[in-house]
Amino acid sequence: MKKIRCLITAGATREHFDPVRFISNPSTGKMGWHIAKASQENGWQTTLVMGASPLPEIDGVETIKVVSAQDMLEACQSKFPDCDILIMSAAVSDVRPKKKATNKVKKDAIDLHPELERTPDILLTLSKEKKNQILIGFAAETNDVIAYAKDKLERKNLNAIVANDVSAQNIGFASDMNKIDIVCADGSIFSPELDTKENLARTIIKFVEKLLQK
Ligand code: CTP
């Protein structure tokens, strides 16, 4: 039987002004890293597209390291057509500088009002290229978590979205613990208890496995 192929993104993208300065966010990639591990342990052929993260490569998982949102988009587009599942847990920077200097810009020459532009929305782009793949998004919110998650689920044509409240202390970015709600396209919401990211990653993989069987 053919192995299920699962593409996962994790970590933060970095949008550079010059080689030593960038726009990014506090994600360490822990949640996505554990999802990749759980996917591999579940017997799935796993590819992890990894932005900035201090975490090591996982044995048996194909890892593609990327820097910017554009790099992540291109890496995902090269793998997506051959995948059964995409789990988009990366924290993609929403904006980037319009201009990037090749060499370090000296302090006195720094543009104090740099022009920014939006990065490509990777999930939205891939949702338009979707054939039979299952698409799982993440929604990191500080307020109205479920309402915003539902909005993203619909806008990005997802099968489900993992919502988490990043304003709560001791969970979310860089923490080992997380509290998530999985909102499905059929309107149902699955809310596992507060748990380690490692256990929640297994829960997410089991959940996706059930979606595959539907
Ligand atoms: N995402 C993406 N490309 C982007 C931004 C986000 O693929 N440029 C993905 C994220 O990986 C996540 C989902 O879209 O799976 C939602 O990301 P989030 O940052 O919560 O929402 P945004 O769509 O960026 O909207 P907003 O910042 O307004 O909440």
Side-chain angles (χ1 to χ4, degrees), residues 7-37 48-57 63-76 86-101 105 110-127 135-149 151-153 155-156 158 161-183 196-198 200-201 204:
L7 175 62
I8 297 152
T9 67
T13 69
R14 289 181 174 177
E15 312 301 331
H16 278 266
F17 291 94
D18 73 8
V20 299
R21 303 181 183 93
F22 52 80
I23 298 174
S24 194
N25 61 68
S27 170
T28 57
K30 237 179 238 175
M31 192 70 238
W33 186 90
H34 280 296
I35 293 171
K37 201 154 186 284
L48 177 61
V49 177
M50 191 71 157
S53 168
L55 298 168
E57 289 193 22
T63 302
I64 304 173
K65 292 192 176 162
V66 296
V67 177
S68 67
Q70 183 61 34
D71 299 339
M72 186 171 274
L73 173 64
E74 286 168 21
C76 288
L86 167 69
I87 304 179
M88 188 77 208
S89 61
V92 185
S93 302
D94 291 311
V95 292
R96 65 185 173 201
K98 250 188 167 169
K99 281 193 212 137
K100 180 183 162 187
V105 178
I110 291 175
D111 180 358
L112 298 181
H113 303 282
E115 230 188 305
L116 302 179
E117 63 184 5
R118 285 185 209 292
T119 55
D121 190 314
I122 301 168
L123 198 47
L124 186 65
T125 306
L126 294 175
S127 75
L135 254 59
I136 310 291
F138 270 69
E141 307 291 350
T142 58
N143 55 288
D144 303 307
V145 178
I146 300 293
Y148 281 133
D151 173 60
K152 283 172 196 170
L153 174 105
R155 242 181 331 110
K156 304 194 188 192
L158 308 175
I161 189 158
V162 180
N164 70 328
D165 185 344
V166 287
S167 73
Q169 292 218 320
N170 303 325
I171 62 168
F173 286 134
S175 160
D176 286 328
M177 303 297 290
N178 210 355
K179 175 75 188 86
I180 58 168
D181 296 287
I182 307 178
V183 182
T196 60
K197 287 184 175 173
E198 186 174 7
L200 287 171
I204 291 168

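Because only heavy atoms are used, hydrogens play no part in the values below, and waters and symmetry mates are left out as well, while side chains stay in. Residue numbers start at 1 and run along the sequence shown.
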Kindly say whether [Y] contributes a backbone atom to a donor-acceptor pair with the side chain of [X] at under 3.5 angstrom?
X	Y	result
Arg21	Val105	yes
Thr196	Met177	no
Asp165	Ser167	yes
Trp33	Pro56	yes

With side chain to side chain contact (heavy atoms under 4.5 Å, CB included) as the test, pick out the partner of [X] among [options].
X	options	value
Ser68	Glu74, Lys100, Glu15	Glu15
Met31	Val162, Ile204, Ile8	Ile204
Leu158	Ile136, Val183, Leu123, Leu86	Leu123

Side-chain heavy-atom pair [X], [Y] within 4.5 angstrom cut-off:
X	Y	value
Leu116	Ile23	yes
Val66	Thr13	no
Leu55	Lys30	yes

As a quick check of understanding, evaluate salt bridge (Lys or Arg N to Asp or Glu O under 4.0 Å) for Lys65 and Glu57, giving each step before the final call.
CA-CA 10 Å; Lys65 292 192 176 162; Glu57 289 193 22; 3.8 Å; yes
Identify, with sequence neighbours excluded, every residue that meets side-chain contact (heavy atoms from CB on, under 4.5 Å) alongside [X].
X	answer
Asp151	Arg155
Asp94	none
Glu115	Lys98

Nearest 0.5 angstrom please: [X] [atom1] to [Y] [atom2], how far?
X	Y	atom1	atom2	result
Ser89	His34	OG	NE2	11.5 Å
Thr9	Leu73	OG1	CG	11.5 Å
Ile122	Ser127	CD1	OG	12.0 Å
Phe17	Asp111	CZ	CG	9.0 Å

Which atom names give the shortest non-hydrogen contact between [X] and [Y], and what distance separates them?
X	Y	value
Pro120	Arg96	CD-NH1, 3.5 Å
Gly32	Leu48	O-CD1, 4.2 Å
Asn178	Ile180	ND2-CG2, 3.8 Å
Met72	Gly51	CE-N, 3.9 Å
Pro19	Ala101	CD-O, 3.5 Å
Leu7	Cys76	CD2-O, 3.9 Å

Dump the intermediate steps for side chain to side chain contact (heavy atoms under 4.5 Å, CB included) on Leu135 and Met88, then the final yes or no.
CA-CA 8 Å; Leu135 254 59; Met88 188 77 208; over 6 Å; no
N-O pairing of Asp121 and Lys156 below 4.0 Å
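Lys156 and Asp121: salt-bridged.
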Is the OH atom of Tyr148 crowded by more than 12 outside heavy atoms at less than 6.0 Å?
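Open: at most 12 neighbouring heavy atoms sit under 6.0 Å from OH of Tyr148.
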